[in-house]
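This report concerns only the one structure given below.
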Amino acid sequence: MQLLKQLSINLIFLMGFFSILGLTGCTPTLVGKDTTLYRNDYISEDTVWSGNILIDGTVKVAKGATLTIAPGTDIAFVRRDADKDGLGDAVLAVEGRLMALGTRQQPIRFHSAADEPQPGDWLEIRVDFSQEVHLRYCEIRDSAYTLHAHFTRGIVEDCTIHYNIDGCRLGQATFTLRNNLIEHNQGKGINFRNSTVAVHHNILRFNGSGMFLFENDRTIDIHDNNFYGNLDSLRLGDFYTGDVAVHDNWWGTADPEAAQATIYDRGKDPEIGQVTIQPAEQWVAATGPRDTLFIDPTWEFVTDGYVDADLVAGDGRLYVASWDGKLRAMNAQGEVLWTKTLGDTLDATPALAGGQIFVQSWSREVYALDAVSGDVRWRFDYSPSRADDHRQAGLLVIDDLVLVPAWNGTLFALDTMSGERRWSFSGGQPLRAQPVYDGENIYLASGDGTLSALGVDGSLRWQKSLEAPLLRAPALLPRGVAVVSREGQVVAYDQSGQRLWQRELDEICYYGAPLYYEGALFVATAGNGLWKLDAITGDVIWRVELAGPSYATPLIDNGRIFIGDNSGVLRVFGTDSGQLVTQYKLDREIQGRPLIWSDQLLIGSRDHKVHAFTLVEPLTP
């Protein structure tokens, strides 16, 4: 019947129903620039897709035909709801073979064509009676059922499946799902019935149910996955009366009872089966899409002092502050454009804004320099204190103000054009952390343990006191701010100062700021640890080991977190997996934040050098 329906649709095409679009039969049409439109088409022979594909209606791959999708292909589905069931109608239907093998650098994308995409905008990739389906490094989003397969064999690996209604539906099928990230699906992350499945090394998070077993009479092998943040990690269907045993999965906690509580089985519904979980005690390594990276040296520049301050780049120039008292502007090849000698140690991160570069020195002097020429436009100085010994705070520019956290505990707000003091605030001595601004509050952390929230006019809105010094810049969260004390206490507050959560890391923490990214807070410590915490609850997701104590702020780029330490090792981990991707060893400590600029990775070090590297990604997975 489906074939007859398809033939009828194609006959309508031949009659010119879609003549205004220039379609003839089932020949795809080029629309726009480099976009090929398929509208209710039938693929009866081997076909390769590349570039941009737009699907309107149903595209069917016939039995005996192979659809190969090249790396980097973008497949968009037009939302139409002709049957008014609330779900989009567009389908890629496969009875032949489907080979969609992307790479990490060039993933294959399946998504809605709508300007404001929603789960259910298109229906599914429907696969029936196929002997081979292979999806690798695909992003699939905005669908109702993602991959809906029956009587089919397949592999899904290294894919990101998110923002759908269900992450997949498998029936009477044989599938391996490995190394996928399955998240933010409204219903089920993985859903199957009467199927032979091997599910391992996946991350399933923030779904309605991480995994749903409707019913099953076949072999299942579920191990070495990470489940967290789902309403139910694993749920048995209402008619699933058999027992299930899974092993070596992490269920978001090291507590066995709490792990079991994430399972919906006989313990919550006496009419269904029981799940035995045999949980892993901690995060399972090597989960989620796999990654490979190499770091190749490109150039290096030698200064006459430590390079602890974060490197700053903008307007085609790299700015380097060093303990030799010099601020340098360089180009992407490492050539010096200008040098300004400021007379004393520079270890505070400069601020670049409005054609000026702002920096403070150990002489308690603040300079505004022309970013192009290096000429001094104005200078400001402040009074000494007992804390004048090491580690100055970075500056922050907000509109026409540059904020200067001083050793003596005063936050100065200076006019960016004149250097005139507009206001000042006594935040507690010493100030060694850069303030942060969320558009409403300025957050200032002090070495006496005080966290202050200020208005842009310097007025105090609220203040909190911790028992240990705050030496790190706060991290902005969607609902507020998080701070880390020297003793490893992490506390999150909302914008009004109400405490959201608190977590004890029991590791000493110096200088490097925590970093928020995609619902998580990353914290590097002097206890050789890099922690990932849930930013909403403060729960520990994972902790990985560094080569040495870290005083540095991490950098996150392209799903990777870069962090240096005092053993001189730069390590790169997957932000989702926590897996070590690569590392590189320098001769001395790395205490500044890495920078990616002009297609290079840049790092300052206590070997007196600025190092530039090329990040090399292999073409194969």
Requested in this report: Applying side chain to side chain donor-acceptor pair (under 3.5 Å), run through E504 and Q502 and close with a yes or a no.
Outcome: CA-CA 7 Å; E504 307 293 337; Q502 178 176 316; 2.8 Å; yes
Requested in this report: Apply the test side chain to side chain donor-acceptor pair (under 3.5 Å) to residues E139 and T160: give CA-CA distance (whole Å), side-chain angles for both, the deciding distance (0.1 Å), then the verdict.
Outcome: CA-CA 5 Å; E139 180 192 9; T160 298; over 6 Å; no
Report task. Check the pair V544, K532 against side chain to side chain contact (heavy atoms under 4.5 Å, CB included), reporting the backbone distance first and the verdict last. Result -> CA-CA 9 Å; V544 293; K532 181 179 182 179; over 6 Å; no
Query raised in the report: Going through the checks in order, is the side chain to side chain donor-acceptor pair (under 3.5 Å) test met by W299 and Q600?
Result: CA-CA 10 Å; W299 55 261; Q600 297 177 103; 3.0 Å; yes
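Using a 4.0 Å cut-off between charged side-chain N and carboxylate O, D494 and R479 make no salt bridge. Under 4.0 Å is where a charged nitrogen must lie from a carboxylate oxygen, and between R486 and E507 no such pair does.
Y163 and N185 share no donor-acceptor pair across their side chains, judged by distance under 3.5 Å alone. T298 and T614 are linked by a side-chain donor-acceptor pair at a separation below 3.5 angstrom, with hydrogens and angles left out of the test. In this model, no donor atom of one side chain and acceptor atom of the other lie less than 3.5 Å apart for N408 and S385. Between W423 and D457, the side chains place no donor N or O within less than 3.5 Å of an acceptor N or O (distance only, hydrogens not considered). Under 3.5 Å, the side chains of N164 and R141 contain no donor-acceptor pair of N or O atoms.
The cationic group of R472 does not satisfy the cation-pi geometry with Y510, failing either the under 6.0 Å distance to the six-membered ring centre or the 45° limit from the ring axis. W531 does not carry R503 over the face of its six-membered ring by the limits of under 6.0 Å from the centre and within 45° of the normal.
In this structure, F412 has its ring center under 6.0 Å from that of F380.
The aromatic rings of W338 and Y319 sit tilted relative to each other, their planes meeting at an angle between 30° and 60°. Using cut-offs of 30° and 60° on the angle between ring planes, the pair Y306 and H608 is perpendicular. Relative orientation of the F613 and H611 rings is parallel, given thresholds of 30° and 60° on the angle between their planes. The aromatic rings of Y517 and F522 sit tilted, their planes meeting at an angle between 30° and 60°.
Checked against T416 for a side chain to side chain contact (heavy atoms under 4.5 Å, CB included), the options V397, I398, D399 give a single hit: V397.
With hydrogens and angles disregarded, a donor-acceptor distance shorter than 3.5 Å links the side chain of T553 to the backbone of A513. Side-chain atoms of N202 never come within 3.5 Å of backbone atoms of L204 as a donor-acceptor pair (strictly under, hydrogens ignored). Between the side chain of T525 and the backbone N or O of G527 there is at least one donor-acceptor pair closer than 3.5 Å. Side-chain atoms of D142 come within 3.5 Å of backbone N or O of S112 as a donor-acceptor pair. Although no hydrogens or angles enter the test, the distance criterion places no donor-acceptor pair under 3.5 Å between the side chain of Y493 and the main chain of S496.
Closest heavy-atom contact between G564 and L570: N-CD1, 4.0 Å. Scanning both residues, A473 and P514, for their nearest heavy atoms gives O-CD, 3.2 Å. Counting all heavy atoms, side chain and backbone alike, D344 lies closest to S363 at OD2-OG, 2.8 Å.
Atom OH of Y137 sits about 8.0 Å away from atom CG of N179, to the nearest 0.5 Å.
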